[in-house]
Structures are given as structure tokens and as C-alpha cells.
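Just so it is clear, the structure is predicted and the values come from calculations on it, not from any experiment.
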Amino acid sequence: MTADSIALFAKHDLIAAELREQIESGSLAVGADLPSESDLQSRFGVSRGPIRQALATLRSEGLIETTQGRPPRVRAQPLVQSIDDFFSFSSWVRAQGKVPGQRTFEIARRRAAPALVARMGLAEGEFVVEIVRLRLIDGIPTMIERSSFHDSIGKALLTFDTDSGSIYEYLIDNGAELDEGTHVVDAVPAAPLDAELLGVETGAPLLRVRRVTRSRRGLILETSDDRYRSDQASLLIQNSRNENRPTPIVARTTHTVANA
């Protein structure tokens, strides 16, 4: 690497750092346009290349968004919530100062399919309660939730208005021991039905979180397949060498979609 390329790399990093600080401090407010490329060139005394590299860095970090025909603008910052509230969508959303919502498309008590019998450690012929809901943040479709509950706790949902609020809060208030969870996170393309409900293109990337929830005694009480719009939610993982915090902190985050 030449001295000139090292200087160029350092310059676009410095530009990105200064713009990042302005965004995080609020000097550049959510929804505000960034200065034009020519203005940034004059301000930093560089060519267009380092400016575009700096903007690409900020865009990859989710700090700015670009729309054809207008300057980049500041995106709403992700709102972080502890893994302790990963179980309840409603409590997580309320903790961000936003309004949770839900629309139920199916709730049924039926015999568990063979794959679910194996996944939950059930006896053949056992019942489960299955539910499919669309979850919303401030009225914006955000996540498709498909959950299967052990019959011992799921039966309570058949007399609960599942459009009225949090299933987890209701079950816990009624004594369900939803104490421990394992989450597997990956990305999947949106199937046609999910795309329609979430308001995205078929094949658009969705953040999938598959959860298994157990009681403290190890009984599997729920499995869930949740699929989030990637522009509405993300996952933050923070590691530390601190001896008092040896394991990663995992948090779900939200993004507010700005109106065009």
C-alpha cells in the first residue's frame, strides 16, 4: 500500500467519523439531508472519492439512507433493548416509546405434526395451540409471528383476545413458566404471503428468529418462527473482555422508516 493510498484511506475514515459524531449527537437530525458532495468536498478539501467512501460507510452502518434524486439523509437511530425483553414483542416496543400492535390470522388447537412432536419433545398425538399474527410498530407491519404452545399453557389463549396485547404477558400473569429461551437468527427471502402482509417485495430479505422457550425444569413450552422486515428491526451483538461480562450481550433494535 502506497503512502498516498494510506492517506486517502485515513481521510475518508476521518470524514465518516466527523459526520457520524454529528448524527449521533443530533447536530444532524433524523430526516435531515446531508450536505451535497460538492459542499463536503469543499469542507474537507478532498476529491469526490473519499466523500463517497465515507458516505458508503455511514450507509452500511444504517446511519444514512439514499433515495434516487435527492441527497443522503439521516435515518432514525436503532433503539436498543436488552435480551431480557426479547421474549415479549409488546414490552420491547413499549420500552422504545412506540406503540405495539397485532392482527391475528389464525389460532387453533390441534394435534402436533410429527416435526413439531420431535422439536418439542411431545408424545405422539399430543395437542398444541398454534397462532399466526402480524405484529406492528406504530402501525407499520414489522414481523410475522408463528408460534406453537404446549397445550398445558396454550389452552388459555383460546379465551384470550390475541389482538389485545402481549401473549407472553398474559401467559406469565396466569402462571406460565416461560423462563428460558434459545434463539437462532438467520436471514430468509420473503415468501409471497409474508411479503404481502409485511408490505415488501417477494424475495426481500427478512430477519428470521427461531425461538425455543423452556420452563426452568427444561420443559419446552413454545417454539416460534418470527420473521422481521429488515428495515424495521435488526439484531445488535456486543462483546466484551470484561471478566464480569464474559458472554455477549444480544439486543433487538428497531428502525423508524422515514416518509419519502
Side-chain angles (χ1 to χ4, degrees), residues 62 65 75-108 116 119 128-149 153-154 157 160-172 176 178 180-213 221-237 249-259:
E65 59 187 355
R75 288 188 63 175
Q77 297 305 293
L79 301 172
V80 177
Q81 183 64 22
S82 164
I83 192 66
D84 290 340
D85 280 331
F86 212 121
F87 296 105
S88 173
F89 179 93
S90 295
S91 63
W92 164 58
V93 173
R94 286 195 300 267
Q96 315 308 322
K98 300 176 183 292
V99 179
Q102 47 277 321
R103 298 175 193 160
T104 303
F105 290 96
E106 181 188 32
I107 180 168
L116 192 59
R119 193 178 314 134
V128 292
V129 173
E130 298 183 320
I131 184 167
V132 179
R133 294 196 297 177
L134 174 67
R135 310 306 301 273
L136 304 98
I137 298 177
D138 288 345
I140 299 172
T142 299
M143 184 259 281
I144 300 290
E145 172 187 76
R146 293 179 173 90
S147 298
S148 299
F149 289 90
I153 65 170
L157 297 177
F160 173 64
D161 180 2
T162 53
D163 283 350
S164 68
S166 171
I167 284 176
Y168 259 70
E169 291 174 0
Y170 175 76
L171 290 175
I172 290 170
L178 295 163
E180 300 176 358
T182 301
H183 303 82
V184 177
V185 182
D186 60 6
V188 294
L193 177 59
D194 288 358
E196 179 182 352
L197 294 176
L198 290 171
V200 299
E201 296 292 330
T202 298
L206 301 179
L207 175 69
R208 178 172 66 172
V209 179
R210 287 173 288 174
R211 180 177 63 246
V212 175
T213 309
L221 295 176
E222 180 229 14
T223 66
S224 184
D225 181 311
D226 300 338
R227 303 188 183 198
Y228 294 82
R229 273 176 52 169
S230 58
D231 63 342
Q232 281 288 88
S234 59
L235 196 68
L236 174 67
I237 300 177
I249 290 177
V250 183
R252 184 169 44 182
T253 66
T254 62
H255 308 283
T256 299
V257 178
N259 294 325

Exercise for the section: Please report the closest heavy-atom contact between P192 and T202, naming both atoms and the distance. Expected result: CA-OG1, 3.8 Å
Handout entry: Pairing residues for L134 by the side chain to side chain contact (heavy atoms under 4.5 Å, CB included) criterion, not counting sequence neighbours
Key = R103, F105, P141, I144, L197, L198
Practice task
Looking only at non-hydrogen atoms, find the nearest pair between G139 and L136 and report the distance.
Solution key: O-CD2, 3.4 Å
Fill in the blank from the handout: Taken to the nearest 0.5 Å, the spacing of D231 CG from L206 CG works out to 10.0 Å
Practice task
Report the residues that fulfil side-chain hydrogen bond (donor to acceptor under 3.5 Å, both in side chains) with R135, sequence neighbours left out, ordered by chain and then residue number.
Solution key: S90, Q102, E145
Exercise for the section: Return the set of residues passing salt bridge (charged side-chain N to carboxylate O under 4.0 Å, His left out) with E169 (not counting sequence neighbours), or none when no residue passes. Expected result: R94
Practice task
Mind jotting down which residue pairs meet the salt bridge (Lys or Arg N to Asp or Glu O under 4.0 Å) criterion with at least one end in residues 191-206? Sequence neighbours excluded, please.
Solution key: R146-D194
Problem - With E130 via salt bridge (charged side-chain N to carboxylate O under 4.0 Å, His left out) - residues at least two apart - result: R110
Exercise for the section: With rounding to the nearest 0.5 Å, note down the distance linking CG in L116 to OG in S148. Expected result: 4.5 Å
Problem - Side-chain (S224) to main-chain (E222) donor-acceptor, under 3.5 angstrom - result: no
Handout entry: Check: I153 and L178 side chains under 4.5 Å, non-hydrogen atoms
Key = yes
Exercise for the section: Measure the shortest side-chain to side-chain distance between M143 and V209 over non-hydrogen atoms and say whether it is less than 4.5 angstrom. Expected result: no
Practice task
Taking side chain to side chain contact (heavy atoms under 4.5 Å, CB included) as the test, write out the residues that go with R210, two or more places apart.
Solution key: V184, D186, R208, D225
Exercise for the section: Mind listing the closest non-hydrogen atom pair of I107 and L157 along with its distance? Expected result: CD1-O, 3.6 Å
Exercise for the section: Determine, stepwise, if the pair E106 / I131 fulfils side-chain contact (heavy atoms from CB on, under 4.5 Å). Expected result: CA-CA 5 Å; E106 181 188 32; I131 184 167; over 6 Å; no
Problem - I137 CD1 to T142 OG1 distance, which is reported to the nearest 0.5 Å - result: 4.0 Å
Problem - Pairwise distance OG1(T213) to CG(L221) - rounded to 0.5 angstrom - result: 7.5 Å
Practice task
Check whether any side-chain heavy atom of F149 lies under 4.5 Å from a side-chain heavy atom of I167, and answer yes or no.
Solution key: yes
Handout entry: Residues forming a side-chain hydrogen bond (donor to acceptor under 3.5 Å, both in side chains) with T104, sequence neighbours excluded
Key = T162, D163
Practice task
Output, in order, the C-alpha distance, side-chain angles, deciding distance and verdict of side-chain contact (heavy atoms from CB on, under 4.5 Å) for L207 and R227.
Solution key: CA-CA 6 Å; L207 175 69; R227 303 188 183 198; over 6 Å; no
Exercise for the section: Please report the shortest heavy-atom distance between A190 and V200, naming the atom on each side. Expected result: CB-CG2, 4.1 Å
